[in-house]
*Asks:* 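Questions regarding the structure given below will be posed in turn.
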Amino acid sequence: MASSRRQYPFHLIEPKWQQTWEQQQAFRAFNPGDTVPVGHPFGVRHNLSGKVADRQLLPPKFYILDMFPYPSGAGLHVGHPEGYTATDILARYRRACGFNVLHPMGWDSFGLPAEQYAVKTGQHPRVTTEANIANFTRQIKSLGFSYDWSRELATTDVEYFKWTQWIFLKLYNSYFDHSSNIKKAMPMALLQDALSDSPTQQNEWSKSEVLVNLRKIIFEAAPEIRNKVRRFTEDQFRLAYVSEAPVNWSPDLGTVLSNEEVEEWTAKGHTVIRKPMRQWMLRITAYAEKLLADLDTIDWSDSLKEMQRNWIGRSEGAEVKFQISNSESQMTVFTTRPDTLFGATYMVLSPEHKLVGEITTAGQKQAVEDYKKFASGKSDLERTELAKEKSGVFTGAFAINPVNGEKIPIWIADYVLASYGTGAIMAVPAHDTRDFEFAQKFQLPIVQVVQPNDPKTNWQGFTDDGVAVNSGFITGLPTPKAKGKISAWLEEKGLGKKTINYKLRDWLFSRQRYWGEPFPIIWKKDAAGNLYHEALPESSLPLLPPSLEDYKPTPSGEPPLARAKDWLHLPDGSVRETNTMPQWAGSCWYYLRYLDAKNSAAFVGQEVESYWMGSEESEKRKAESGKTETTPGVDLYVGGTEHAVLHLLYARFWHKVLFDLGLVSTAEPFYKLVNQGLILGEDGQKMSKSRGNVVNPDDVLVEYGADAFRLYEMFMGPLQDTKPWNTRGVEGVYRFLGRVWRLFVDENSETEFEQAETVTTKEQSNQELLNLIRLNASIKDVAATPAQLKTLHACIKKVTEDLDGMRFNTAISAMMVFVNDAITWETKPLVVLRDFLILLQPFAPHLAEELWGKLNLQPSTFNLQHPMTLAYAVWPKFDAALLVESEMEIPVQVNGKFRDTIKVAVDADNAMIEAAAKASEKVQQFIAGKAIKKVILVPKRMVNLIVG
RNA sequence: GCCGGUGUGGCGAAAUGGCAGACGCACAGGACUUAAAAUCCUGGGACCGUAAAACGUCGUGUGGGUUCGAGUCCCACCACCGGCACCA
């Protein structure tokens, strides 16, 4: 675009105010116990200047958080500042309303790109990371966000990941106690005490049925193997444990991925295969129920909650035992439809199922082995592609259906997953789509046991509720009752029990990478030569990664950390864990570190944590006022939907563990969460380098300034919506800011300023130049007219309400309406413009500050306090009395069709309004000569005349 | 297939069940200017009609329904976006 005359000198104003705020530390948030420096605007506003901010003296808190970015080499994208602008506006609004606002920013700086660059060039990832952080910082600061930079953190900071490792140790040293009276994470030491030869905390662990039972089991074991059993048992319970299960291994990335990550990387063209490996896991499944139930206590969008619910995938059903014919063994299946048991015509084990080897007959052995090989060789991609085509083989064995004694064949097929339920199913082809397809392909019998309620519906493949048929003692019962009756019967006979299953799997927590947090774990061998793991003591943290020359995995496929022999081997012969933690680890708790970012004694101070997370306060307020002024947890968290299940589920899990251990005061981390929508390119397509439609914020800033950029990001449409970028739209809001400027300044002085600017010397400061701008002569220190007050207060009302509802676009339009009107006023009262600037400040803070400074140079008879920055000026309250009209316009309809508006006095009674409506000329045309059958009159709203 | 969301001018959008299209973009006309840019003013859903207007008819994805009155509520369907997807 051709560079045209600037609407206003944002290029001088914006750096000026950014420097001023930084010098004043204007947006520093004060913790309880902090001393507020003399003259700090927060202190001036709240009468805390030079005082210790005692918790009782501090105003209510408001914690408003952005999802911190990964500082990529590409720099900021216009999508980042969308959420950041929204939160900044609200942070500034809350500050003006008198809250103690915490609004921090930091860096999710571990990550693969820096490591890949290191592999290629040998440059340490820290160097790349620091350069990227510097660039992101510059870009973010140029937008004038009111972050408290004193709390800045990066997950790669040694002082930060020390505590990430510390939390890992908490997980490692905890177990989840499922006892019905406990149901929470407890210290491993308690479990160990319960299993020890000479327990000291019997009072404590005797409350736990789980521990009491475990102790019994341990002491049933032979003494010589008892220690091994103990270790094994501990690992069965730890929240962080080692598993040998098949994992998602990506040969080209040289690392494993969590289930949640697979999709992301395969979409980028990487291969992912299943491969058994020794891995660290976190027992998130122990929290499935709490993660699900507590969704009801937080204010997130329905779609997001639904995504989490689906991911957790709770499913109620029953486990049923089937005796295997001619064998001692039994197989257990999980089903949500025990009522269809009479329709089970075959059984399926997953190819990996333990029983497969045992039950397969000699004749089928070769076929079964071949199939197992075939199934395990499939990549995930092949599995999904081939999903439609069922495959499997017969094992030669049969199971006995417990309800009718029938012998039914046992197959193996990869449509049954080893990792869900019991890894085995009873197949009811008549009433399950997958079983139906399988039975058709292999010509297995299909027996109807459910009759659809609608007789026209085909029963074959009918999976909904109906009425049981051909089902012995439950025949004739509707599905829910049939389920209940048969479940009770199974339970009574000891053949089954009600069970709840979750799709959620434990979290695969180790990666074969360099650039991540090393595990504070070492491996040792016992006398018998068995490897076992042991945690490093907390006092040894942080555990730093070794320095390396080469960041590639070792030729034998071990993680890069294994290259550092000195680091790897400890003097006592033990060996360090060489895996590192995934990127998600650091982002699981960063919102807590912000609260107390410099604390070297704890991951967060308790008092500080309870103040900002607001548990007590919110309870107290709820009780007192019946409404919450502050909310528990982060008051508002804004970020993209891409983290709907990954980060948000993991962080909730960690938070719940910390809560159970008494380390944080709330059960949920994020009370209210909003997803900002995607910003598309000007062509309506997703922005991407290859499409060449990426908008760089730096370019927009040079052309239009930060205030226009911020304003446009918010004016585009509702925050949550996906919307295309349009540079003409930026020009629109930029013109609006120009109108605001001209509303306040004298045009002649602007010409002088421009001339001075062209001949400016280095010695002439920007401030001197800006001082040449004079206030518009039409601004006078006079009382406002009723009409002017009405315009102002309508704007105050709309902006206030829209900010409360996060409707930034309509708030901006309300300010445009105000300016369009105010610019026509011959005399512009100072007081009115002053209030307007307070409204504008959250949106366009630089311009508003500059004009505020000019306004307050004027002598004033109003004796207002002038805080040193507008950011702490008191948010105006609208006065409903000023908005009352003397007359009102009321629409008149005839037979429901709009015909005219009439003007009546506000206090007009119904009879007067009706008369006025009938008297309207336009209305007359439609009612003349007709009888009025009915009059619908909504006071102050409308009149509808029904004629026959 | 299942779950969630969204469909309104040329475009981004706005409307407690009560005057559809606020605000902005683009566009057109005018003022200022030697001229342009910038700025300011005016106009604008479609159709019919007219010199121009008025008046009129239609109009919020489609079809029904509730209501004096529906963009808004209910039912069915269509399209698009996002998520999940052999989870028994």
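First the proteins, then the strands, lettered A, B, ... as listed; each starts at 1.
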*Asks:* Check salt bridge (charged side-chain N to carboxylate O under 4.0 Å, His left out) between A:Arg691 and all other residues, then give those that pass, not counting sequence neighbours.
*Replies:*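 In terms of salt bridge (charged side-chain N to carboxylate O under 4.0 Å, His left out), with neighbours along the sequence ignored, A:Arg691 is linked to no residue.
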*Asks:* So A:Arg314, base contact, sugar-phosphate only, or nothing? Heavy-atom distance under 4.0 Å.
*Replies:*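 Answer is nothing: A:Arg314 stays at 4.0 Å or more from every strand.
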*Asks:* Indicate, with a heavy-atom threshold strictly under 4.0 Å, whether A:Ser813 touches base, sugar-phosphate, or nothing.
*Replies:*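 The answer is base, as A:Ser813 lies within the cut-off (heavy atoms under 4.0 Å) of a base atom.
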*Asks:* Of the listed nucleotides (B:A88, B:C25, B:U39), which one gets closest to any side-chain atom of A:Arg742?
*Replies:*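 In terms of side-chain proximity for A:Arg742, the closest of B:A88, B:C25, B:U39 is B:U39.
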*Asks:* Answer yes or no: is there an ion pair linking A:Lys441 with A:Glu389, defined by an N-O contact shorter than 4.0 Å?
*Replies:*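 Yes.
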*Asks:* Taking the side chain of A:Met716 as heavy atoms from C-beta outward, which of B:C68, B:U57, B:G12 is closest to it?
*Replies:*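 Of all the options, the side chain of A:Met716 is nearest to B:G12.
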*Asks:* Please report the distance, rounded to the nearest Å, between CG in A:Leu737 and P in B:G24.
*Replies:*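 Nearest whole value for this atom pair: 13 Å.
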*Asks:* For the CE atom of A:Met67 and the NE2 atom of A:His647, what is their distance to the nearest 0.5 Å?
*Replies:*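 Reported to 0.5 Å precision, the distance equals 5.0 Å.
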*Asks:* Any base atoms under 4.0 Å from A:Arg309, or only sugar-phosphate, or nothing? Heavy atoms, all strands.
*Replies:*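 The answer is nothing, as A:Arg309 stays clear of every strand by at least 4.0 Å.
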*Asks:* Rounded to whole angstrom, note down the P distance from B:U60 over to B:A70.
*Replies:*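 Those two atoms are separated by 11 Å.
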*Asks:* Between atom CZ of A:Phe462 and atom CG of A:Asp464, what is the distance when rounded to the nearest 0.5 Å?
*Replies:*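 Between A:Phe462 CZ and A:Asp464 CG, I get 4.5 Å after rounding to 0.5 Å.
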*Asks:* Let me have a per-nucleotide readout for nucleotides 14-21 of chain B, 5' to 3', with B, S or -, counting only protein heavy atoms under 4.0 Å.
*Replies:* S-B-BB--
*Asks:* Does A:Thr824 offer a backbone N or O that forms a donor-acceptor pair with the side chain of A:Lys828 under 3.5 Å?
*Replies:*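 Here the side-chain-to-backbone pair does not exist.
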*Asks:* When the P atoms of B:C19 and B:G69 are considered, how many whole Å apart are they?
*Replies:*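 It works out to 15 Å between them.
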*Asks:* Report the glycosidic orientation of B:G9: syn if within 90° of 0, anti in every other case.
*Replies:*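 Syn.
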*Asks:* For A:Asp432 and B:G1, what is the distance between atoms CG and C1' respectively, to the nearest whole Å?
*Replies:*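 After rounding, the reported distance stands at 13 Å.
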*Asks:* Considering only the P atoms, how many Å lie between B:G9 and B:A46, rounded to the nearest integer?
*Replies:*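 It comes out at 12 Å once rounded to the nearest Å.
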*Asks:* Provide the distance between the two P atoms, one in B:G71 and one in B:U16, to the nearest whole Å.
*Replies:*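 So the two P atoms sit 13 Å from each other.
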*Asks:* Quick one: does A:Lys503 reach the base of B:C84 with a side-chain donor-acceptor pair under 3.5 Å?
*Replies:*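 By the distance-only test, no, there is no pair.
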*Asks:* Contact class for A:Ile946 (heavy atom, under 4.0 Å): base, sugar-phosphate, or nothing?
*Replies:*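 Sugar-phosphate contact only - A:Ile946 comes under 4.0 Å of backbone atoms but never of a base.
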*Asks:* Just how far, in rounded Å, is C1' of B:A37 from CZ of A:Arg6?
*Replies:*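 The distance from CZ of A:Arg6 to C1' of B:A37 comes to 16 Å, rounded to the nearest Å.
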*Asks:* Look at the side chain of A:Arg314 and the backbone N and O of A:Tyr502, then say whether any donor-acceptor pair between them is shorter than 3.5 Å.
*Replies:*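 Here the side-chain-to-backbone pair does not exist.
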*Asks:* Can you tell me how far apart CD1 (A:Ile312) and CE (A:Met307) are? Round to the nearest 0.5 Å.
*Replies:*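 One gets 13.0 Å once the value is rounded to the nearest 0.5 Å.
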*Asks:* Is the gap between the ring centers of A:Phe715 and A:Phe808 under 6.0 Å?
*Replies:*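 Distance test on ring centres: not under 6.0 Å, no.
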*Asks:* Reading RNA chain B from 5' onward, which residue's closest nucleotide shows up sooner: A:Ser419 or A:Tyr712?
*Replies:*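 Taking each residue's closest nucleotide, the earlier one in sequence belongs to A:Tyr712.
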*Asks:* For nucleotides B:A14 and B:G63, find the distance between their P atoms and express it as a whole number of Å.
*Replies:*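 Going atom to atom, P in each nucleotide, I get 25 Å.
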*Asks:* Find the distance A:Gln720:CD to B:G83:P and express it as a whole number of Å.
*Replies:*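 A:Gln720 atom CD is separated from B:G83 atom P by 17 Å.
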*Asks:* What integer distance in Å separates A:Met307:CE from B:C81:P?
*Replies:*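 A:Met307 atom CE is separated from B:C81 atom P by 16 Å.
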*Asks:* Check every strand shown and say whether A:Gly732 touches a base, only sugar-phosphate, or nothing at a heavy-atom separation below 4.0 Å.
*Replies:*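 The residue A:Gly732 makes sugar-phosphate contact but no base contact.
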*Asks:* So is A:Arg652 actually on top of A:Tyr650's ring, under 6.0 Å and inside 45° of the axis?
*Replies:*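 Ring-cation test returns no.
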*Asks:* Under 6.0 Å from the six-membered ring centre of A:Phe438 and within 45° of its axis: does the NZ or CZ of A:Lys390 meet both?
*Replies:*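 No - A:Lys390 does not lie over the ring of A:Phe438 by the 6.0 Å and 45° rule.
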*Asks:* Hey, where does RNA chain B pair up into stems, meaning at least three consecutive Watson-Crick or G-U pairs with distances under 3.5 Å?
*Replies:*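 Stem segments, range with range: B:1-7 with B:78-84, B:10-12 with B:23-25, B:27-31 with B:39-43, B:45-47 with B:56-58, B:61-65 with B:73-77.
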*Asks:* In whole Å, what separates the P atom of B:G1 from that of B:U67?
*Replies:*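 The answer is 35 Å between these two P atoms.
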*Asks:* What integer number of Å spans the P atoms of B:C11 and B:C27?
*Replies:*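 Rounded to whole Å, the distance is 15 Å.
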*Asks:* Apply side chain to side chain contact (heavy atoms under 4.5 Å, CB included) to residues A:Leu648 and A:Leu673 and explain how you reach the verdict.
*Replies:* CA-CA 10 Å; A:Leu648 288 172; A:Leu673 184 133; 3.5 Å; yes
*Asks:* Could you tell me how far B:U66 sits from B:A76 if I compare only their C1' atoms? Round to whole Å.
*Replies:*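 My reading of the C1' atoms in B:A76 and B:U66 gives 15 Å.
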*Asks:* Closest nucleotide of RNA chain B for A:Ala424 versus for A:Asn310: which of these residues is on the 5' side?
*Replies:*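 So the residue in question is A:Asn310.
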*Asks:* Between atom CD1 in A:Ile412 and atom P in B:A88, what is the gap in whole Å?
*Replies:*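 Checked: the CD1 to P distance equals 22 Å.
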*Asks:* Roughly, in whole Å, what's the span from CG in A:Leu341 to C1' in B:A88?
*Replies:*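 Atom-to-atom, A:Leu341 to B:A88, this comes out as 13 Å.
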*Asks:* Once rounded to the nearest 0.5 Å, what's the spacing between atom CG of A:Asp900 and atom CD of A:Gln924?
*Replies:*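 Rounded to the nearest 0.5 Å, the CG-CD separation comes to 11.0 Å.
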*Asks:* Over how many whole Å does the gap from A:Arg739 atom CZ to B:C25 atom P extend?
*Replies:*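 After rounding, the reported distance stands at 9 Å.
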*Asks:* Can you tell which of B:C3, B:A88, B:A38 lies closest to the side chain of A:Glu306?
*Replies:*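 From the listed options, B:C3 comes nearest.
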